[in-house]
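Before I ask anything, here is the structure I am working with.
Just so you know, these numbers come straight off a predicted model, no measurement behind them. Quick note on labels: first sequence line is chain A, next is B, and so on, each numbered from 1.
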Protein chains: 2
Amino acid sequence: MAEGRRERADAARNREAILRATEELLARYRPEQVSMERVAAAAGVGKGTVFHRFGSRMGLMVALMRERAYALGEAVTNGPPPLGPGAPPEERLMAFLDAVAELVGRNKGLLAALGHAATTSSKSPSGKEREDDHAEGPPDGRPVYQFWHGHASELIAERRPDLDAELLAHILLGSLQSEPVLRLLERGESARLAASLRVMAAGILAGP
Amino acid sequence: MAEGRRERADAARNREAILRATEELLARYRPEQVSMERVAAAAGVGKGTVFHRFGSRMGLMVALMRERAYALGEAVTNGPPPLGPGAPPEERLMAFLDAVAELVGRNKGLLAALGHAATTSSKSPSGKEREDDHAEGPPDGRPVYQFWHGHASELIAERRPDLDAELLAHILLGSLQSEPVLRLLERGESARLAASLRVMAAGILAGP
DNA sequence: TAGACAAGTGGACCGTCGGTCAAGTACGCT
DNA sequence: AGCGTACTTGACCGACGGTCCACTTGTCTA
């Protein structure tokens, strides 16, 4: 891949400005109050530019999420144990859940915005696909959630092949999208979440 | 409570028509495509009537949810074991999770719509509160989710007072709001969900 | 350095949404 | 029958996500 020519300098500058503006607005206001128009205004560009760059509200949020999740993705695939390869599955899963809880805790608004974007924009009329190239994100090009889910799923399956690892991983990770849990995170209690996730993971992995 | 006079006949008829229309639309279309205007048209009433009766989109969805959850609420508080009082906590929790998974499975669209309503309507400008009286729902007047959470939470705490029962209950129940899990339910795999919820619950309740 | 062409930009515009409201309608009580 | 009031209605509102296209600007070539 990686076809086509380089990105123009002004375009890159604007992309950055939009991302940073979204970040700041998301930190200051509730996600549904962060409209694309407000983002554009805060970034000092026209609304059309935002859509040109990111395609849709969903696209913007995903791009921001990828950026945030990049380091974790790297650590998981290439980093040192216990997050990276090498440690036993249960330790890797625990470490991973800790890291995810902490990451989500530091980015409370974004997860909610992603959820909001997912339900709000019932796919743009034309199924355009932007933001596929030049993507920061997990090492491969897959969306953040799928990467996380795949990882957790594999770790569970490795230790307990008798269980429904895919679904269990969804349940574990799904809690991060639940409103009450998000509210908790907003009050800075991500350590409490991590502890409970560890309890659940331990319960699952404790074998027959 | 229960003050004021009785509900007028035409009002009751319309309330019923609106509820049934919402039900049908939710079964046939994705939640974000079920607009209040469409509901009104399908029910054969004006849009204003829908808002007069239910206050907001959220109010409508909550009313529908209450109606659906009424039987479960009854069974849990007054019914026979293992769902009702009498059985040991772990059995009650298992039975409850089974029942919830099945209920949610039969009402896929509604949960998603509730989530959508929660993020979409950032509370109506005037904080009106309708639908507080004449509410079917769990025996008390509390919203469905709070009732469910309270119940699961108590059962966990009863068996494992050393754990963070509140949070664990949120995580368990929160999975029902997660998109991937909802998609699974849409494909009729509620038994699979129930099984995995049992695994998690067992994992939590086992031990010291 | 000139100039040409693609890439990028901006904001008026569109359809739709959730929600409001004032004016009209009809129920139920006496 | 007649009255008060609860109920109904649809035009209306502001805001949203998303589109469009005339216009500007960066960059590549000669």
Practice problem: Report the residue (A/N14 or B/S35) whose heavy-atom-nearest nucleotide on DNA chain C is the more 5′ of the two. | Solution: A/N14
Self-check item: Which residue lies more 5' along DNA chain D, comparing B/A11 with A/G48 via nearest heavy atoms
Solution: B/A11
Quiz item: Start at the 5' end of DNA chain C and walk down; is the nucleotide closest to A/A12 or to B/R38 reached first?
Solution: A/A12
Exercise. Rounded to the nearest angstrom, tell me the gap between atom CZ in A/R8 and atom C1' in C/dA7.
Key: 5 Å
Quiz item: Between B/R15 and B/E7, is there a side-chain N and carboxylate O pair less than 4.0 Å apart?
Solution: yes
Self-check item: Per A/R57 side chain, nearest of listed nucleotides D/dT27, D/dT8, D/dG18
Solution: D/dG18
Practice problem: Give me the ring orientation class for B/H170 and B/H149: parallel if the planes are under 30° apart, tilted from 30 to 60°, perpendicular past 60°. | Solution: parallel
Quiz prompt | Between C1' of C/dG11 and CD of A/E37, the distance in whole Å | solution = 9 Å
Practice problem: Measure the distance from NZ on B/K47 to P on D/dT9 and round it to the nearest whole Å. | Solution: 14 Å
Quiz item: Is there a donor-acceptor contact under 3.5 Å from the side chain of A/R53 to the main chain of A/L60?
Solution: no
Quiz item: Looking at residues at least two apart in the chain, or sitting in another chain, which of them share a side chain to side chain donor-acceptor pair (under 3.5 Å) with B/E23?
Solution: B/R20, B/R68
Quiz prompt | Euclidean distance, atom NE2 of residue A/H52 to atom P of D/dC23 [Å, nearest integer] | solution = 18 Å
Quiz prompt | Nucleotide C/dT9, atom C1' - distance to CZ of A/R53 in whole Å | solution = 10 Å
Practice problem: Let me know the distance between CD of A/E7 and P of C/dG8, rounded to the nearest Å. | Solution: 7 Å
Practice problem: Figure out the CZ/P separation between B/F51 and C/dG19, and round it to whole Å. | Solution: 5 Å
Quiz item: Which one, C/dG8, D/dG17, C/dG19, comes nearest to the side chain of B/S56?
Solution: C/dG19
Quiz item: At under 4.0 Å between heavy atoms, what does A/T49 touch on the DNA or RNA strands: base, sugar-phosphate, or nothing?
Solution: base
Quiz item: At under 4.0 Å, does any side-chain N or O of A/R13 touch on OP1 or OP2 of C/dG8?
Solution: no
Quiz item: Counting N and O atoms only, with roles assigned by atom type, does the side chain of B/S196 sit under 3.5 Å from a partner on the main chain of B/L193, one being a donor and the other an acceptor?
Solution: no
Practice problem: Let me know the distance between CE of A/M61 and C1' of D/dG18, rounded to the nearest Å. | Solution: 15 Å
